[in-house]
There are 2 protein chains.
Amino acid sequence: MTTRTGPGPRERLLDAAKELTYQQGVGVGVDALLKAANVARRSLYEHFGGKDGLITEVLRLSAAEDEAAYQRAMQAAGDDPRRRLLAVFDRLGDVIAEPDFRGCRYLGAELALADPGHPGHDVIRRYREHVHDLLEGELRALDHPRPSHAADQLLLLIDGTLAVGAVRPETHPAAAARQLAERILDD
Amino acid sequence: MTTRTGPGPRERLLDAAKELTYQQGVGVGVDALLKAANVARRSLYEHFGGKDGLITEVLRLSAAEDEAAYQRAMQAAGDDPRRRLLAVFDRLGDVIAEPDFRGCRYLGAELALADPGHPGHDVIRRYREHVHDLLEGELRALDHPRPSHAADQLLLLIDGTLAVGAVRPETHPAAAARQLAERILDD
DNA sequence: CAATAGATAGACCAGTCGGTCTATCATTCA
DNA sequence: TGAATGATAGACCGACTGGTCTATCTATTG
């Protein structure tokens with residue numbers, strides 16, 4: 001019988017940290033992370049240099065995944081840039097409806113990382129810029145007169161949707177934001 | 001010479017906690033709060049029963065102040081409900097521009113209080129409902145066809161503005177949100 | 001087989017966490 | 001004057017914090 005190797009300590013740690021830092025905030029203890037990942041204490045410091053390194057790497061990975069998810073949602077919506085952009089808000093509706101949705105991971109981290117020098121802040125900032133550029137590209141394809149400004153507004157709607165989704169999900173923020181997005185696209 | 005009494009320990013503690021829990025998050029240590037307030041450890045437990053009680057009371061007080069600030073901003077804008085509602089976004093622009101703006105206190109607390117049973121969650125929820133009702137009242141005065149739904153959308157814009165203001169303030173989110181708000185009012 | 005590298009468990013560290021406690025001081029009021 | 005009240009300082013508690021360390025085990029590789 002072949003020994004089923006499975007993911008190594010580094011990956012287990014990243015997976016557990018992605019989950020726990022989202023559900024409990026970046027303030028979770030190292031012990032909880034190690035226990036959830038079933039990984040030796042030392043491995044954390046070998047692979048990431050410390051808790052901050054792990055958190056930063058989790059943010060980096062999550063950002064890449066979320067960017068890919070946005071692109072996938074848009075791709076699945078076809079070729080019409082308008083439909084592709086609106087598909088983003090349909091996806092947000094699904095995200096909010098997930099049973100353990102807890103708001104925007106990046107905003108949570110941004111507010112919780114009190115040290116302004118923490119490398120996580122840069123990762124978060126870059127992520128926003130990437131999403132902005134993604135939206136702006138679609139708006140250009142739509143021949144929108146002010147694609148960058150409209151992308152800023154769509155980003156604001158996305159953030160608002162995730163914030164409201166965390167506190168008042170019963171008001172269907174994704175649908176409300178989608179209506180507002182349509183008007184931005186109509187400019 | 002009369003002994004200048006000044007605010008008592010309870011009020012000093014509330015003031016310091018309001019400031020510190022905003023700047024550093026609700027994760028600040030009790031020692032830091034006591035030191036900043038120049039208050040004996042025991043006084044915290046006498047007055048608030050513990051850290052959670054203090055945090056909850058800070059949220060309650062802040063909510064009352066912020067509701068009053070919204071009302072003041074609207075009142076200063078005159079009698080036209082449309083101007084009054086748009087004044088909210090002008091005020092948000094000022095709030096974001098404050099040098100130590102750190103995002104929405106309530107969203108930060110919502111995401112940081114991992115325990116869903118923490119009494120702070122209720123306070124936050126009620127605060128959102130109050131602001132919603134405040135907005136809805138103005139929309140009714142405007143004869144808006146769907147005042148509650150429009151209030152939900154304005155609230156979403158407010159949350160989005162504060163979120164973007166925390167990460168990308170240079171994109172002037174308050175002005176961008178104001179433009180979108182105008183369209184909601186035009187329905 | 002032997003050597004090396006990576007992962008393991010877990011002891012250990014100083015520091016901090018939220019919270020309880022005793023003792024002292026100042027004010028007010030009877 | 002004396003009792004009561006409320007605030008003070010700060011010792012103290014067990015639990016936990018992030019981080020370092022040693023020692024052991026295991027898997028690959030030469």
Side-chain angles (χ1 to χ4, degrees), chain A residues 1-21 23-59 109 112-121, chain B residues 1-59 108-109 112-121:
Chain A
M1 104 182 198
T2 49
T3 330
R4 192 72 222 92
T5 311
R10 188 188 143 93
E11 195 179 344
R12 294 205 306 276
L13 206 35
L14 283 171
D15 285 345
K18 201 177 92 181
E19 171 74 15
L20 278 183
T21 59
Q23 291 303 325
Q24 313 202 35
V26 294
V28 244
V30 166
D31 286 344
L33 295 172
L34 298 175
K35 192 175 170 186
N38 197 20
V39 151
R41 200 170 187 78
R42 174 141 199 185
S43 302
L44 192 165
Y45 294 91
E46 290 285 340
H47 285 294
F48 303 101
K51 186 191 176 185
D52 285 342
L54 174 58
I55 287 178
T56 304
E57 195 58 29
V58 164
L59 288 173
L113 296 178
D115 172 14
H118 194 290
H121 292 295
Chain B
M1 96 182 202
T2 51
T3 329
R4 193 71 220 92
T5 311
R10 188 187 141 93
E11 194 179 344
R12 294 206 306 276
L13 207 34
L14 284 171
D15 285 345
K18 201 177 93 180
E19 172 74 16
L20 278 183
T21 59
Y22 180 60
Q23 290 304 325
Q24 312 201 34
V26 294
V28 247
V30 167
D31 287 343
L33 296 172
L34 298 175
K35 192 174 171 189
N38 197 20
V39 151
R41 200 171 188 75
R42 175 142 200 182
S43 302
L44 191 165
Y45 295 90
E46 290 287 340
H47 285 294
F48 303 101
K51 185 191 176 184
D52 285 342
L54 174 58
I55 286 178
T56 305
E57 195 58 29
V58 164
L59 288 173
L113 296 178
D115 173 13
H118 194 290
H121 292 295

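In this text the structure is predicted, and so the values were computed from the model without any measurement. Each chain gets a letter, A, B and so on, in the order its sequence line appears, and its residues count up from 1.
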Approximate separation, where rounding is to 0.5 Å, of A/E57 CD and A/D52 CG: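 So the gap between those two atoms works out to 13.0 Å.
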Pairwise distance CG(A/L13) to CG(A/N38) - rounded to 0.5 angstrom: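 That separation rounds to 11.0 Å.
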In whole angstrom, give the distance that lies between atom [atom1] of [X] and atom [atom2] of [N].
X	N	atom1	atom2	result
B/N38	D/dG10	CG	C1'	14 Å
A/L54	D/dG19	CG	C1'	14 Å
B/L13	C/dG19	CG	P	13 Å
A/L33	D/dC16	CG	C1'	14 Å
A/I55	D/dT17	CD1	P	13 Å
A/L34	D/dG19	CG	C1'	11 Å
B/K35	D/dT8	NZ	P	16 Å
B/L44	C/dT20	CG	C1'	13 Å

Within the side chain of [X], is there an N or O that forms a donor-acceptor pair under 3.5 Å with the backbone of [Y]?
X	Y	answer
A/H118	A/T56	no
B/K51	B/L44	no
A/H47	A/L54	no
A/R41	A/L34	no

Touch class at under 4.0 angstrom, heavy-atom based, for A/D52 against every strand present: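 Counting heavy atoms under 4.0 Å across all strands, no contact is made by A/D52.
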Touch class at under 4.0 angstrom, heavy-atom based, for A/R10 against every strand present: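 No contact.
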Side chain of A/S43 (C-beta onward), nearest among D/dA7, C/dA23, C/dA7: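 Nucleotide nearest to A/S43's side chain: C/dA7.
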C/dG6 phosphate, OP1 or OP2, under 4.0 Å from A/H47 side-chain N/O: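 A/H47 to C/dG6 OP1/OP2: no side-chain N or O under 4.0 Å.
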Under-4.0 Å side-chain N/O to phosphate OP1/OP2 contact, A/R42 with C/dA11: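 Negative; the distance criterion is not met.
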Test log, rule side chain to side chain contact (heavy atoms under 4.5 Å, CB included), inputs B/K18 and B/L14: CA-CA 6 Å; B/K18 201 177 93 180; B/L14 284 171; over 6 Å; no
Polar atoms only, N or O, under 3.5 Å: list the protein pairs with nucleotides 16-18 of chain C and their distances.
unit_1: C/dG18; atom_1: OP1; unit_2: B/V28; atom_2: O; d: 3.4
unit_1: C/dG18; atom_1: OP1; unit_2: B/K51; atom_2: NZ; d: 2.6
unit_1: C/dG18; atom_1: OP2; unit_2: B/V30; atom_2: N; d: 2.5
unit_1: C/dG18; atom_1: N7; unit_2: B/R41; atom_2: NH2; d: 3.1

